[in-house]
Asks: 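Dropping the structure in here first, questions after.
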Amino acid sequence: MTTHPNTPSGWYADPQGTPNLLRWWDGTRWTEHTHPGQPGQVPQQPVAEPAKIQHQVQQQAGVAPAVTGGGTLFSEPVLVVNQKAKLIELTNEYSVFDQHGRTIGSVVQVGQSTLKKVARFVSSLDQFMTHRLEIRDAHGQPHLVLTRPAKFMKSRVIVARPDGQPVGEIVQQNVIGKINFSIEANGQRVGAIKAENWRAWNFAIVDHTDTEIARITKTWEGLAKTMFTTADNYVLQIHRPLPDPLLSLVVATALTVDTALKQDARGFG
């Protein structure tokens, strides 16, 4: 597959040879999305198919249709987090949708050095390195910055605003058995994330009283895609309105849980 100069990732010259036409490759197949490959025209990533997202939410995650929220990362009761499928994953990239399939944000890994990309390509050593991600709205504006310092056994994620104002931390509590994280703000525990099985696929998020306030469910993309690409997909269901900083920390948790765990080989850290 070849691509035009200055063309965003995922868009390629039409495989059937149509001049000045770009087509979208979703990681497994060519889609029906096309864009004229004219100079100065920058194609945007196509909107996810609403039916696919709704199937992911309702059938795969078992989440009933919820009342539509305010259309943002911090006002929707259901967030769908889909990692961009890649045969070789050198940076983490996620698209975030509402329950109807509308794009409302993204998560992008930033600050990747060439050395770190090489380490990621040839080994799993990058799990011991520092990672930094930005949670952005639908317009590409960052709202949260997450830093996972280099780890040996346990992960810790530092959550801050783009101006550096601290929000809180997500701190791994154990390495054996079902993985748990503490959600902390101003040095106090305000909640926790509890894996429901040892492979850490599904999580219950609770507040400081141990009452469940949200749930993360990993959705299955099929054997072929799971084996041959690095895509990890999740659905977050928030059960009730939450105050900040708890809301921001819950959203940060759901959008970065895979990077926090860095689960190699589909579940083995």
Side-chain angles (χ1 to χ4, degrees), residues 79 81 83 89 91-94 96 107-112 116 119-120 123-135 144-161 166-219 230-239 242 244-269:
L79 299 180
V81 187
Q83 187 172 17
E89 180 189 26
T91 58
N92 289 336
E93 294 182 70
Y94 301 82
V96 187
V107 183
V108 180
Q109 188 164 9
V110 297
Q112 283 275 79
K116 188 181 294 185
R120 191 167 210 169
S123 70
S124 61
L125 291 177
D126 72 300
Q127 67 178 300
F128 304 113
M129 301 177 181
T130 297
H131 294 274
R132 189 169 181 267
L133 301 101
E134 289 184 352
I135 295 178
L144 294 173
V145 178
L146 295 89
T147 303
R148 197 210 73 182
K151 74 164 189 174
F152 175 63
M153 295 294 287
K154 296 181 181 180
S155 288
R156 179 171 65 97
V157 177
I158 303 168
V159 184
R161 306 294 180 192
V167 176
E169 295 189 6
I170 304 163
V171 183
Q172 187 174 343
Q173 300 296 295
N174 63 307
V175 295
I176 303 298
K178 299 178 182 178
I179 301 299
N180 293 325
F181 292 82
S182 174
I183 303 176
E184 302 174 1
N186 299 317
Q188 301 293 320
R189 179 183 178 276
V190 296
I193 310 150
K194 300 183 177 182
E196 297 191 333
N197 52 61
W198 69 273
R199 290 180 67 86
W201 277 0
N202 300 326
F203 298 83
I205 303 178
V206 301
D207 62 15
H208 68 286
T209 68
D210 213 35
T211 300
E212 182 174 311
I213 55 175
R215 174 168 292 270
I216 300 172
T217 304
K218 184 171 182 176
T219 53
T230 59
D232 283 303
N233 300 334
Y234 302 86
V235 173
L236 169 68
Q237 181 184 21
I238 300 176
H239 301 324
L242 301 174
D244 255 336
L246 183 58
L247 174 60
S248 292
L249 291 169
V250 167
V251 171
T253 295
L255 301 192
T256 59
V257 66
D258 190 63
T259 298
L261 289 176
K262 190 60 180 75
Q263 296 168 311
D264 298 304
R266 297 281 167 184
F268 299 93

Asks: Kindly give the heavy-atom pair with the smallest separation between T209 and T211, and that separation in Å.
Replies: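 Taking T209 first and T211 second, the nearest heavy atoms are OG1-OG1, 2.9 Å.
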Asks: What pair of heavy atoms forms the shortest contact from E212 to A204, and how long is it?
Replies: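 What the structure gives for the nearest pair is OE1-CB, 3.7 Å.
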Asks: Do I238 and L247 come close enough that some side-chain heavy atom pair is under 4.5 Å?
Replies: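 Side chain of I238 against side chain of L247, heavy atoms only: contact under 4.5 Å found.
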Asks: More than 12 heavy atoms of other residues, nucleotides or ligands under 6.0 Å from NE2 of H239: is that the case?
Replies: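 Enclosed.
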Asks: What closest approach, in Å, do V167 and S248 show between heavy atoms, and which atom pair accounts for it?
Replies: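 Answer, listing the atom of V167 first, then S248: CG1-CB, 4.0 Å.
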Asks: With rounding to the nearest 0.5 angstrom, report the CG to CG distance, L242 to D207.
Replies: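 If we round to the nearest 0.5 Å, L242:CG and D207:CG are 8.5 Å apart.
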Asks: Can you confirm whether T253 sits close enough to I216 that some side-chain heavy atom of one is under 4.5 Å from a side-chain heavy atom of the other?
Replies: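 Yes, close enough: below the 4.5 Å cut-off.
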Asks: How long is the span from the OH atom in Y234 to the OG1 atom in T217, to the nearest 0.5 Å?
Replies: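 Taking OH in Y234 and OG1 in T217, the distance rounds to 11.0 Å.
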Asks: Could you tell me which non-hydrogen atom of K218 sits nearest to which non-hydrogen atom of N202, and how far apart they are?
Replies: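 Heavy atoms of K218 and N202 come nearest at N-OD1, 3.0 Å.
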Asks: Between N180 and N174, is there a donor-acceptor pair closer than 3.5 Å when you use the side chain of the first and the backbone of the second?
Replies: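 Checked: no pair found.
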Asks: Could you pull out every donor-acceptor pair under 3.5 Å between side chains of residues 185-195 and any protein atom, sequence neighbours left out?
Replies:
| from | atom 1 | to | atom 2 | distance (Å) |
| --- | --- | --- | --- | --- |
| K194 | NZ | D210 | OD1 | 2.7 |
| K194 | NZ | D210 | OD2 | 3.3 |

Asks: Please round to the nearest 0.5 Å and tell me the distance separating atom CD of E184 and atom CD1 of I158.
Replies: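 Taking CD in E184 and CD1 in I158, the distance rounds to 11.5 Å.
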Asks: Counting C-beta onward and ignoring hydrogens, is there a side-chain heavy-atom pair between I183 and I205 closer than 4.5 Å?
Replies: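 They are in side-chain contact.
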Asks: Does this structure show an ion pair linking R215 with E196, if we count only N-O contacts that are shorter than 4.0 Å?
Replies: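 Salt bridge present between R215 and E196.
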Asks: Could you report the tightest heavy-atom contact between V81 and A254, atom names first, then the distance?
Replies: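 Smallest interatomic distance, heavy atoms only, reads CG2-O, 4.4 Å.
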Asks: Give, for atom CZ of F181 and atom NZ of K154, the distance between the pair rounded to the nearest 0.5 Å.
Replies: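 The CZ atom of F181 sits 11.0 Å away from the NZ atom of K154.
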Asks: In Å and rounded to the nearest 0.5 Å, what is the CZ to CD distance from R132 to Q109?
Replies: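 R132 atom CZ to Q109 atom CD measures 11.0 Å (nearest 0.5 Å).
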Asks: Are the side chains of L146 and V107 in touch, meaning some heavy atoms are under 4.5 Å apart?
Replies: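 Side-chain contact under 4.5 Å: no.
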Asks: Could you pull out the closest heavy-atom pair between L144 and A252, with the gap in Å?
Replies: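 Looking at all heavy atoms of both residues, the shortest contact is CD1-CB, 4.2 Å.
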